Amino acid sequence: VPLIEAFTCNECDFKLPTGWGGYVYATDAEGKRIVCPHPGEGYAIQRITGLTYEDADAAGRVGFNSDCICLACLEQFKLDLKRDPRDCPACKSHEVKSTKELIDQPCPACRKGTVRRGSPIRWPLDPDRASLPVPQIVKDFCEYAETREVPASLQEAQAAIKTIPGTKKHDLFIVCIHLLGWWQGEFFERDSEQAKSLGPYELKWPWVQAFRAAVDCTPGLNRLIRWSDGSWFFRDEITAAELRGIKNYTREHYKPPLMS
Ligand SMILES: [Zn+2]
Ligand SMILES: [Zn+2]
């Protein structure tokens with residue numbers, strides 16, 4: 001059950017893929033594997049297959065693509081180790097291992113060192129973060145993610161979601177982790193800003209309707225983001241300092257749930 005991690009050799013500079021060790025995918029109608037971003041894989045699976053997680057899994061339309069490396073030529077690629085043969089696409093060698101299988105094993109590059117699981121990567125933070133404005137609702141979402149107790153500012157949203165047919169008990173939490181993931185910014189690009197938008201989402205899904213209802217009845221959130229063409233955008237009035245405040249605060253206070 002990995003956290004976002006770095007895998008490195010203790011002797012050389014050889015770098016293995018960083019992240020969760022791979023990703024969950026679902027296959028579309030043509031059998032193409034589509035990434036289901038973490039967190040929120042369950043909803044992506046639903047969106048891609050049009051099936052519930054259970055039905056998609058039973059139909060063989062869900063899998064995990066692992067980060068793999070060829071020990072012969074050091075090519076890095078993804079394989080579903082439950083379905084795909086261990087063949088290197090570059091040199092056809094069968095000596096292929098996932099990054100997870102390489103932990104505590106000899107480094108495939110220098111063969112002297114040992115591959116170690118590094119400490120979780122630290123987000124880059126801005127030195128002036130203490131002086132940046134952070135909207136209270138952002139702090140409330142972080143607290144909710146941490147404690148799982150619905151703060152006062154989100155109770156109306158929770159109540160509104162309950163009235164939407166098809167929503168589930170944890171839909172407010174799903175909304176919460178999507179927002180926090182967006183607000184933290186892109187992990188794999190150092191110092192990058194948040195993406196311009198979150199989405200796109202299809203309103204036919206109850207949880208997306210729940211998302212809209214939650215924003216509509218939460219003034220602090222409605223001031224921050226707006227819905228347009230199936231995606232969420234920051235409102236134009238939000239200043240650059242506020243965006244950085246949101247990014248730094250969520251980076252410091254929200255740790256994404258682990259993938260199992
Ligand atoms: Zn190879
Ligand atoms: Zn090495």
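Just so you know, ligand 1 is whichever comes first in the structure, and atom 1 is the first atom listed for that ligand. Remember, it's a predicted structure, so these values are computed and weren't measured experimentally. Residue numbers run from 1 in the order of the sequence given. Values reported hereafter were calculated over all heavy atoms of this structure, with side chains retained and with hydrogens, waters and symmetry mates removed.
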Check: Is any NZ, NE, NH1 or NH2 atom of the basic residue among E237 and R223 found under 4.0 Å from an Asp or Glu carboxylate oxygen of the other?
Finding: no

Notebook entry, point to check: Thinking salt bridges, do D67 and K97 make one under a 4.0 Å N-O criterion?
Noted result: no

Notebook entry, point to check: Under 6.0 Å between the ring centres of F211 and W205?
Noted result: no

Note to self: Could you check whether D140 and Q136, counting side-chain N and O atoms only, form a donor-acceptor pair closer than 3.5 Å?
What the structure shows: yes

Checklist line | Apex the Zn ion (ligand 2) - arms SG from C110 and SG from C12 - angle rounded to 10° | finding: 120°

Next item on the list: Report, rounded to 10°, the angle at the Zn ion (ligand 2) between the two atoms SG (C107) and SG (C9).
Entry: 110°

Check: How wide is the angle at the Zn ion (ligand 1) between SG in C73 and SG in C70, to the nearest 10°?
Finding: 110°

Notebook entry, point to check: Where the Zn ion (ligand 1) is the centre, what is the SG-to-SG angle for C91 and C88, rounded to 10°?
Noted result: 110°

